Amino acid sequence: MIKLISFKNCPFVQRVMGALITKEIPFEIEYIELSNKPQWFLDIAPNGQVPVLITEDKTVLFESDAIVEYLDDKYAPIEALTPEQKAQDRAWSYQASKHYMPQCGTMGSKDKETFETRLANLSKAFAKAENKLGDSAFFKGDYISNVDIAWLPLLHRAAVIKEKSGVDMLDGFPKVQQWQAALLASGLPEKTVPQDFVATFSGFYLTNTYLASVMNGEEGECATSSCNSAASSCCN
Ligand SMILES: N[C@@H](CCC(=O)N[C@@H](CS)C(=O)NCC(=O)O)C(=O)O
């Protein structure tokens, strides 16, 4: 059986799980701690990052883009596409995945000014999607495609933040909000994260952050604004 090496909060892993689950490919999952990577993982993972996928013939794959393409090649694509359509889907998927880390950085901001600056940058991605979305439930129609799966981590995490803190990172993007609602209603989000995801995620992004202060009704600057870290603080 396929094995996915994972970390509980990782958006890149969530995307790969979205592809596996949508395509109904059986897999097992092993979680590791990125703060204490086991030696067996360092021995097989070329860049020391999750996701790593071990195929049925024990080939080790890394980089989520490559893994998603492999799953299409090996297990039949979700839909038949021309090379041009494939290229478009990859481009729209990339518009999401290149913002996974910026979203983590935004959510981890320690003060209002940093949060708003980072959110303004992240919002450029949502604005592009807003312009592109039509009237269908999902990105390309009434079915979940690879593009929806790529955007799932961004939209799911925005939903958790909104539910917990009241801050809507999708404010001003009504079509993206409807898309998010359709993805949530599909049931896919919670299938692509561990059962304790909301607790783990909240412990990371809703503790000692600007969003935590909003959630707790403080709405002031975080006392530790000096620890504002770079956007890459995600997942570590
Ligand atoms: N480009 C990689 C990024 C994966 C990534 O950044 N994974 C993070 C967790 S979300 C990680 O493993 N970080 C640990 C590290 O960089 O040492 C992909 O698409 O798979």
Side-chain angles (χ1 to χ4, degrees), residues 2-23 25 27-55 59-74 86-87 89-109 118 121-122 125 145-161 169 189-194 196-207 209 229-236:
I2 282 179
K3 186 168 187 175
L4 182 64
I5 315 300
S6 174
F7 174 72
K8 287 187 171 181
N9 265 352
C10 179
F12 300 93
V13 168
Q14 187 176 11
R15 178 186 176 193
V16 169
M17 284 185 73
L20 285 162
I21 289 164
T22 303
K23 290 159 88 58
I25 302 167
F27 66 100
E28 56 186 352
I29 190 157
E30 177 158 354
Y31 293 103
I32 61 164
E33 285 304 325
L34 293 177
S35 54
N36 185 22
K37 296 173 189 167
Q39 191 56 46
W40 63 261
F41 172 73
L42 293 170
D43 289 344
I44 63 168
N47 56 13
Q49 294 183 320
V50 294
V52 161
L53 185 140
I54 306 174
T55 68
T59 305
V60 174
L61 303 180
F62 66 110
E63 287 293 341
S64 53
D65 285 338
I67 295 172
V68 169
E69 283 181 34
Y70 162 79
L71 294 175
D72 267 355
D73 291 345
K74 178 84 179 182
K86 258 190 217 174
D89 281 8
R90 285 176 188 157
W92 279 107
S93 297
Y94 179 61
Q95 297 312 306
S97 63
K98 75 174 175 180
H99 288 98
Y100 291 170
M101 293 308 237
Q103 186 188 42
C104 294
T106 303
M107 296 182 298
S109 300
R118 290 178 178 172
N121 191 38
L122 180 61
S145 71
N146 278 343
V147 180
D148 300 289
I149 292 168
W151 283 80
L152 173 68
L154 292 180
L155 302 181
H156 181 207
R157 284 148 205 260
V160 176
I161 292 295
M169 291 193 275
E190 58 265 32
K191 291 183 195 155
T192 56
V193 289
D196 60 353
F197 173 73
V198 173
T200 312
F201 177 83
S202 302
F204 202 85
Y205 294 112
L206 292 169
T207 307
T209 58
S229 52
S232 62
S233 64
C234 170
C235 299
N236 289 314

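Remember, predicted model here, so these are calculated numbers, not experimental data. Both ligands and their constituent atoms are indexed starting at 1 by order of listing. We number each residue from 1, following the sequence as shown.
Using a 4.0 Å heavy-atom cutoff, Phe7 is absent from the residues neighbouring ligand 1.
Interface of Glu63 with ligand 1, defined as ligand atoms under 4.0 Å from a residue heavy atom, comprises 1 (N), 2 (C), 18 (C), 19 (O), 20 (O). Applying the 4.0 Å criterion to heavy atoms of Leu34 picks out, from ligand 1, the atoms 9 (C), 11 (C), 12 (O), 13 (N), 14 (C). Against a heavy-atom cut-off of under 4.0 Å, Pro51 is close to the following atoms of ligand 1: 20 (O).
Of the listed residues (Lys37, Lys98, Met101), the one carrying the non-hydrogen atom nearest atom 17 (O) of ligand 1 is Lys37.
Side chain of Asp148 to main chain of Ser145: a donor-acceptor pair is present (N/O by atom type, distance under 3.5 Å, no hydrogens or angles). Under a 3.5 Å cut-off, the side chain of Gln103 and the backbone N or O of Leu154 do form a donor-acceptor pair. In this structure, the side chain of Ser109 engages the main chain of Thr106 through a donor-acceptor pair within 3.5 Å.
In summary, the side chains of Asn47 and Glu63 do present a donor paired with an acceptor at a separation below 3.5 Å, with no hydrogens or angles considered.
A salt bridge between Lys86 and Asp72 is absent, with no side-chain N of the basic residue lying under 4.0 Å from a carboxylate O of the acidic one.
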